[in-house]
Amino acid sequence: MHFIRQIVAADVQQGRNGGRVHTRFPPEPNGYLHIGHAKAICIDFGMAKEFGGLCNLRMDDTNPSKEEVEYVDSIQEDVRWLGFDWFGDVRYASDYFGACYEYAEALIQAGKAFVCDLTAEQMREHRGTLTVPGKDSPFRERPVAENLDLFRRMRAGEFADGVRTLRAKIDMNSPNIHMRDPVIYRGLRASHHRTGEAWLIYPMYDYAHPIEDALEGITHSLCTLEFEIHRPLYDWVLDQIPEFFAEAQKKWSALTLTEPARPRQYEFARLAITYTIMSKRKLLELVKSNLVEGWDDPRMPTLSGMRRRGYTPEAIRAFCEKVGVTKYNSVTDFALLEHCLREDLNQRALRYMAVLDPIKVVITNYPEGQVDELDAVNNPADPAAGTRQVPFSRELYVERADFMENPPKKFFRLAPGREVRLRWGYLITCTEAVKDAAGNITELRCTYDPATRGGNAPDGRKVQGTIHWVSAAQALDATVRLYDRLFRVEEPGATDGVDFKTEMNPDSLKILTAKVEPALANAKPGVPVQFERTGYFCADKASAPGRLLFNRTVTLRDSWIKAASKA
RNA sequence: UGCCCGAUGGUGUAAUGGUAGCACAACUGACUCUGAAUCAGUUUGUCUUGGUUCAAAUCCAGGUCGGGCAGCCA
């Protein structure tokens with residue numbers, strides 16, 4: 001039972017906020033959601049769901065210079081895809097610009113906020129340092145009437161950006177820098193994606209967030225650890241004029257509250273995964289510099305990228321549950337994510353045969369021109385998935401790596417004189433490896449045992465290996481993209497002075513042309529499939545009959561590759 | 001030399017004063033028409049020093065180490 005669950009459970013039991021649980025997921029629409037957001041989403045929506053409460057989706061759009069509608073749309077799509085639905089309409093911080101403004105005037109009236117003419121640089125000087133207290137602004141004691149006049153003129157855009165700010169009057173000597181008369185409004189003559197130019201001042205996060213939470217009746221405001229030090233300011237904002245909130249909740253809230261809501265902020269550690277970057281700024285940089293093909297490049301840790309790669313919402317949710325919720329800055333092994341993925345995919349993915357690096361095999365004792373249809377099981381993990389037919393003929397393709405001319409003792413696959421099973425097919429024995437002038441193997445010649453149709457020998461003899469194959473004449477060409485981790489170091493960007501872009505894996509994408517069985521002709525984009533013995537894949541959004549395109553989601557676990565590399 | 005927060009196997013977490021458990025990873029072995037899956041097993045841990053207590057991962061104090069904070073970003 002993680003600490004947030006404990007807190008919420010205790011609050012419900014004690015009837016705090018009338019026993020209501022109401023959370024919110026408040027992304028800033030300045031980029032696409034990533035797996036780190038998935039953790040937050042699972043916690044925010046999960047706690048509400050678990051305790052019979054509600055969860056709002058709120059776009060935290062208080063900075064028009066960074067935010068775009070494209071992101072607003074993608075965020076909604078991603079949250080829904082992950083399997084969550086929010087309470088009522090999507091909320092926007094900008095819905096509350098009016099309330100924030102009214103409250104700011106009330107603070108001015110109460111002598112708790114003032115208009116400051118210090119430049120950014122002067123303000124930095126006055127702020128002091130981590131160890132040195134700050135100094136009061138010379139504008140701190142400006143009369144209320146003057147503050148009000150100036151603030152209203154700021155709102156009208158009368159002053160250039162950066163000339164004046166509205167500051168909370170708290171304590172320049174506070175050991176917590178965020179309490180040293182923080183700026184709560186800045187002038188910004190920018191057009192906002194929703195409010196246009198109705199406002200030429202925008203509230204700061206620390207000021208707006210508690211107001212938004214209170215107006216929405218939020219009870220538990222869950223966020224990441226870096227906001228912990230901001231909590232005293234969050235509480236300060238709510239504490240100043242409680243009567244304001246009692247009124248504002250009636251006016252601005254979609255809820256009818258029986259008692260004024262008093263939100264509390266709780267902080268948990270953000271998600272970090274090995275070989276992954278989780279910074280929207282850095283992900284944007286990859287997109288802008290074309291080091292990836294966009295926000296939904298299947299190598300990206302964005303939800304849209306993972307979706308395109310073939311990850312399922314179920315796998316991501318299971319992962320988030322297993323990662324846990326603590327206040328410790330941990331780094332989760334990427335292998336745990338892959339484990340959750342494979343566990344889900346194993347249950348649901350239909351099996352197919354696809355030869356990624358083909359070499360031709362001629363079954364010398366099989367009649368020319370004859371085509372047999374063999375039954376193949378669609379998913380051994382799910383009998384209800386049924387069977388399909390796979391064509392078999394004299395000429396096949398098998399994986400180049402499934403043949404070795406001079407195999408080590410533990411190699412179970414094809415080799416001269418060695419008998420193996422073709423999955424769902426026949427037992428075949430290799431008789432010859434045909435080479436070109438340069439000595440490269442160009443073709444294998446094998447014989448088959450007609451008595452072993454389906455894969456079992458009537459005489460009960462066993463073979464150690466089973467390999468996948470496709471019939472050459474019926475095989476379809478498919479472009480296959482093999483993805484590997486985007487970065488080659490465990491914690492990209494963690495070393496001072498090293499640009500994270502230089503830590504990228506040059507082999508994160510390999511494109512090849514594979515031979516796949518005909519049943520894949522109409523593979524639907526986004527539906528997970530397993531290519532037997534090689535991995536889970538799904539057709540890309542650009543895939544279509546006649547020009548098949550598959551993304552590798554994740555490989556199958558491969559204990560042979562370990563054994564082979566040891567030998 | 002400020003303030004806030006944290007520390008349990010390789011990794012992620014549980015145990016809320018009473019037998020340190022689970023998962024991932026790693027390694028054995030069994031089974032197998034995917035060297036997959038499945039099954040069985042093995043290795044590895046309470047940052048440190050004191051204190052309180054019959055009993056401490058847990059409570060207290062000091063230390064060590066790690067993270068966060070000096071945007072008119074969120």
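Letters A, B, ... mirror the listed sequences (proteins, then strands); counts begin at 1.
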Novice: If you check the A/His339 side chain, which of B/C24, B/C72, B/G68 turns out closest?
Specialist: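 Taking heavy atoms from C-beta onward, the closest nucleotide is B/C24.
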Novice: So, for A/Phe97 and A/His192, is the gap between ring centers shorter than 6.0 Å?
Specialist: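 Ring centroids of A/Phe97 and A/His192 are less than 6.0 Å from each other.
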Novice: If you measure from the C1' atom in B/A55 to the same atom in B/U11, how many Å do you get, rounded?
Specialist: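 Per the computed distance, 32 Å lies between those C1' atoms.
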Novice: Starting at atom CG of A/Leu556, determine the distance to atom P of B/A37, rounded to an integer number of angstrom.
Specialist: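 In whole Å, B/A37 P lies 7 Å from A/Leu556 CG.
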Novice: If I pick the P atom on B/A37 and the same atom on B/A23, what distance separates them, to the nearest angstrom?
Specialist: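 Taking atom P in both B/A23 and B/A37, they lie 16 Å apart.
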Novice: Of A/Tyr205 and A/Lys410, whose closest RNA chain B nucleotide lies nearer the 5' terminus?
Specialist: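 Per heavy-atom nearest nucleotide, the more 5' residue is A/Lys410.
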Novice: Expressed as a whole number of Å, how far does the C1' atom of B/U58 sit from that of B/U8?
Specialist: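 My reading of the C1' atoms in B/U58 and B/U8 gives 11 Å.
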Novice: Out of curiosity, A/Thr23 OG1 to A/Ile41 CD1, how far, rounded to the nearest 0.5 Å?
Specialist: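 So the OG1 of A/Thr23 and the CD1 of A/Ile41 are separated by 11.5 Å.
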Novice: Since syn is defined as within 90° of 0, does B/G71 count as syn or as anti?
Specialist: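 Syn, which is what one calls it when the glycosidic angle falls within 90° of 0.
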Novice: Answer with base, sugar-phosphate or nothing: what part of the nucleic acid does A/Ser330 contact at a heavy-atom distance below 4.0 Å?
Specialist: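 Result for A/Ser330 = sugar-phosphate.
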Novice: Under 4.0 Å, heavy atoms only, any strand: does A/His468 hit a base, just the sugar-phosphate, or nothing?
Specialist: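 No contact.
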Novice: NA contact type, A/Asp161, heavy-atom cut-off 4.0 Å: base, sugar-phosphate, or nothing?
Specialist: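 The residue A/Asp161 makes no contact with any strand.
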Novice: Which part of the nucleic acid, if any, lies within contact of A/Thr274, taking any heavy atom under 4.0 Å across all strands shown: a base, the sugar-phosphate backbone alone, or nothing?
Specialist: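 No contact.
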Novice: Counting just side-chain N and O atoms, does A/Arg127 come under 4.0 Å of either OP1 or OP2 of B/G71?
Specialist: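 So the side-chain polar atoms of A/Arg127 do come within 4.0 Å of the phosphate oxygens OP1 or OP2 of B/G71, strictly under.
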Novice: What does A/Tyr202 touch in the nucleic acid at a heavy-atom separation under 4.0 angstrom: a base, only the sugar-phosphate, or nothing?
Specialist: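 No contact.
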Novice: State whether the side chain of A/Thr452 and the backbone N or O of A/Pro450 hold a donor-acceptor pair below 3.5 Å, judged by distance alone.
Specialist: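 Flag not set: sc A/Thr452 to bb A/Pro450 has no pair under 3.5 Å.
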Novice: Between B/A74, B/G2, B/C24, which nucleotide gets closest to the side-chain atoms of A/Phe227?
Specialist: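 Nearest to the side-chain atoms of A/Phe227, counting from C-beta on, is B/A74.
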Novice: Closest approach to the side chain of A/Arg186, judged atom by atom: which nucleotide of B/C73, B/G35, B/G2 is it?
Specialist: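 My answer, after comparing the listed nucleotides, is B/C73.
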Novice: Please tell me if A/Arg164 has a side-chain N or O lying less than 4.0 Å from either OP1 or OP2 of B/C72.
Specialist: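 No, outside the criterion.
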Novice: Could you identify the nucleotide paired to B/C22, looking across every strand shown and requiring Watson-Crick or G-U wobble geometry with both distances under 3.5 Å?
Specialist: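 Base partner found: B/G12.
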Novice: For A/Glu228, report the nucleic acid contact type (base, sugar-phosphate, nothing); a contact means any heavy atom under 4.0 Å.
Specialist: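 Sugar-phosphate, no base atom in range.
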Novice: For nucleotides B/G45 and B/U53, find the distance between their C1' atoms and express it as a whole number of Å.
Specialist: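 To the nearest whole Å, 25 Å.
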Novice: Within the 4.0 Å heavy-atom criterion, would you say A/Phe411 contacts the bases, only the backbone, or no part of the nucleic acid?
Specialist: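 Base, at least one base heavy atom under 4.0 Å.
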Novice: 5'-most contact on RNA chain B: A/Val325 or A/Met123, nearest heavy atom basis?
Specialist: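 Its nearest nucleotide being more 5', the pick is A/Val325.
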Novice: A/Leu130 CG to B/C69 P: how many Å, rounded?
Specialist: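 It works out to 10 Å between those atoms.
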Novice: Rounded to whole Å, please give me the gap between CG in A/Asn378 and P in B/U34.
Specialist: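 These atoms are roughly 16 Å apart.
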Novice: Quote, to the nearest angstrom, the P distance that separates B/C4 from B/C54.
Specialist: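 Per the computed distance, 33 Å lies between those P atoms.
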Novice: How many whole angstroms separate atom NZ of A/Lys562 from atom P of B/A36?
Specialist: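 Whole-Å distance recorded here is 9 Å.
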Novice: Once you apply the 3.5 Å cut-off to both distances, tell me the Watson-Crick or G-U wobble partner of B/G6, or none.
Specialist: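 Across all strands, the one nucleotide that pairs with B/G6 is B/C65.
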Novice: If you check the A/Arg557 side chain, which of B/C72, B/A37, B/G68 turns out closest?
Specialist: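 Nearest listed nucleotide: B/A37.
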Novice: For B/A26 versus B/U64, give the span between their C1' atoms, rounded off to a whole number of Å.
Specialist: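 It comes out at 30 Å once rounded to the nearest Å.
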Novice: Assign A/Arg421 to base, sugar-phosphate, or nothing according to its heavy-atom contacts below 4.0 angstrom with the strands shown.
Specialist: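 Base contact - A/Arg421 has a heavy atom under 4.0 Å of at least one base atom.
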Novice: Heavy-atom distance under 4.5 Å between the side chains of A/Arg557 and A/Arg342, does that happen here?
Specialist: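 A/Arg557 reaches A/Arg342 side chain to side chain.
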Novice: For A/Arg231 and B/C3, give me the distance from atom CZ to atom P, rounded to whole Å.
Specialist: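 It works out to 17 Å between those atoms.
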Novice: Whole-Å distance between B/G71 C1' and A/Asp181 CG?
Specialist: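 Going from A/Asp181 (CG) to B/G71 (C1'), I get 16 Å.
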Novice: Which part of the nucleic acid, if any, lies within reach of A/Ala381 when heavy atoms closer than 4.0 Å are counted: base, sugar-phosphate only, or nothing?
Specialist: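 No contact.
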Novice: Tell me whether A/Glu314 is salt-bridged to A/Arg348, with the criterion being a basic N under 4.0 Å from an acidic carboxylate O.
Specialist: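 Salt bridge present between A/Glu314 and A/Arg348.
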Novice: Looking for any heavy atom pair under 4.0 Å, which part of the strands does A/Thr165 touch: base, sugar-phosphate only, or nothing?
Specialist: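 If one applies the 4.0 Å heavy-atom cut-off, A/Thr165 turns out to touch a base.
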Novice: So which nucleotide from B/C69, B/A23, B/G6 ends up closest to the side chain of A/Leu336?
Specialist: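 Looking only at heavy atoms from C-beta outward on A/Leu336, the closest nucleotide is B/A23.
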Novice: When you compare the ring of A/Phe412 with the six-membered ring of B/G35's base, are the centres less than 5.5 Å apart and the planes under 30° from each other?
Specialist: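 Yes, the aromatic ring of A/Phe412 stacks with the base.
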Novice: Compare side-chain N and O positions of A/Arg270 against OP1 and OP2 of B/C5 and report whether any pair is under 4.0 Å apart.
Specialist: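 Indeed not, no polar side-chain atom of A/Arg270 lies that close.
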Novice: Out of the candidates A/His220, A/Glu216, A/Glu212, A/His209, only one should pair with A/Arg24 under the side-chain hydrogen bond (donor to acceptor under 3.5 Å, both in side chains) rule; please name it.
Specialist: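 Looking at A/His220, A/Glu216, A/Glu212, A/His209, the match for A/Arg24 under the side-chain hydrogen bond (donor to acceptor under 3.5 Å, both in side chains) is A/His209.
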Novice: According to a cutoff of under 5.5 Å between the ring centres and under 30° between the ring planes, does A/Trp560 stack with the base of B/G35?
Specialist: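 One would call A/Trp560 stacked on the B/G35 base.
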Novice: Across the strands shown, which category fits A/His209 at heavy-atom distances under 4.0 angstrom: base, sugar-phosphate, nothing?
Specialist: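 Here A/His209 touches no strand at all.
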Novice: Just N and O in the side chain of A/Arg351: are any of them under 4.0 Å from OP1 or OP2 of B/A37?
Specialist: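 No.
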Novice: Would the distance check show the side chain of A/Asn378 and the main-chain N or O of A/Leu350 forming a donor-acceptor pair, the cut-off being under 3.5 Å?
Specialist: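 No; judged by distance alone, with no hydrogens or angles, the pair does not exist.
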Novice: Starting from P on B/C5, measure out to CG on A/Asn176 and report it in whole angstrom.
Specialist: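 From A/Asn176 CG to B/C5 P: 11 Å.
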Novice: Pick base, sugar-phosphate or nothing for A/Gly455, based on heavy-atom distances below 4.0 Å to the nucleic acid.
Specialist: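 Base contact.
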Novice: Measure from the ring center of A/Phe114 to the ring center of A/Phe139 and say whether it is less than 6.0 Å.
Specialist: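 No: the rings miss the under 6.0 Å criterion.
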Novice: Looking at the base of B/G35, is there any donor atom on it, or on the side chain of A/Arg413, that sits under 3.5 Å from an acceptor on the other one?
Specialist: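 Side chain to base: pair found, below 3.5 Å.
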Novice: Over all strands shown, is A/Gln530 touching base, sugar-phosphate only, or nothing at heavy-atom distances under 4.0 angstrom?
Specialist: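 Contact class for A/Gln530: base.
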Novice: On a whole-Å scale, what distance lies between the P atoms belonging to B/A20 and B/U46?
Specialist: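 The answer is 13 Å between these two P atoms.
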Novice: Taking the six-membered ring for Trp and the single ring otherwise, decide whether the centroids of A/Phe550 and A/Phe537 are under 6.0 Å apart.
Specialist: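 So the answer is no for these two rings.
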Novice: Using a heavy-atom cut-off of under 4.0 Å over every strand shown, decide if A/Pro380 touches base, sugar-phosphate, or nothing.
Specialist: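 The residue A/Pro380 makes base contact.
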Novice: Less than 4.0 angstrom between a side-chain N/O of A/Arg533 and OP1 or OP2 of B/G35, yes or no?
Specialist: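 Answer is yes, contact under 4.0 Å.
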Novice: Would you please confirm or rule out a distance under 4.0 Å between OP1 or OP2 of B/U1 and any side-chain N or O of A/Thr131?
Specialist: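 Result: no.
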Novice: With a 6.0 Å cut-off on the ring centroids, do A/Phe151 and A/Tyr185 count as close?
Specialist: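 Ring centres of A/Tyr185 and A/Phe151 closer than 6.0 Å.
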Novice: I'd like the C1' distance from B/C31 over to B/C65, given in whole Å.
Specialist: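 That atom pair is separated by 47 Å.
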Novice: Is A/Ser65 near enough to B/C73 that one of its side-chain N or O atoms lies under 4.0 angstrom from OP1 or OP2?
Specialist: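 Checking B/C73 against A/Ser65, no side-chain N or O comes under 4.0 Å of OP1 or OP2.
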Novice: To the nearest Å, how far apart are A/Glu321 CD and B/A14 C1'?
Specialist: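 Atom-to-atom, A/Glu321 to B/A14, this comes out as 13 Å.
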Novice: It should be established whether A/Thr62 places a side-chain nitrogen or oxygen under 4.0 Å from OP1 or OP2 of nucleotide B/A74.
Specialist: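 For A/Thr62, the contact criterion (side-chain N or O under 4.0 Å from OP1 or OP2 of B/A74) is met.
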Novice: Heavy atoms from C-beta onward define the side chain here; which of B/G68, B/G67, B/U13 lies closest to that of A/Glu226?
Specialist: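 Nearest to the side-chain atoms of A/Glu226, counting from C-beta on, is B/G68.
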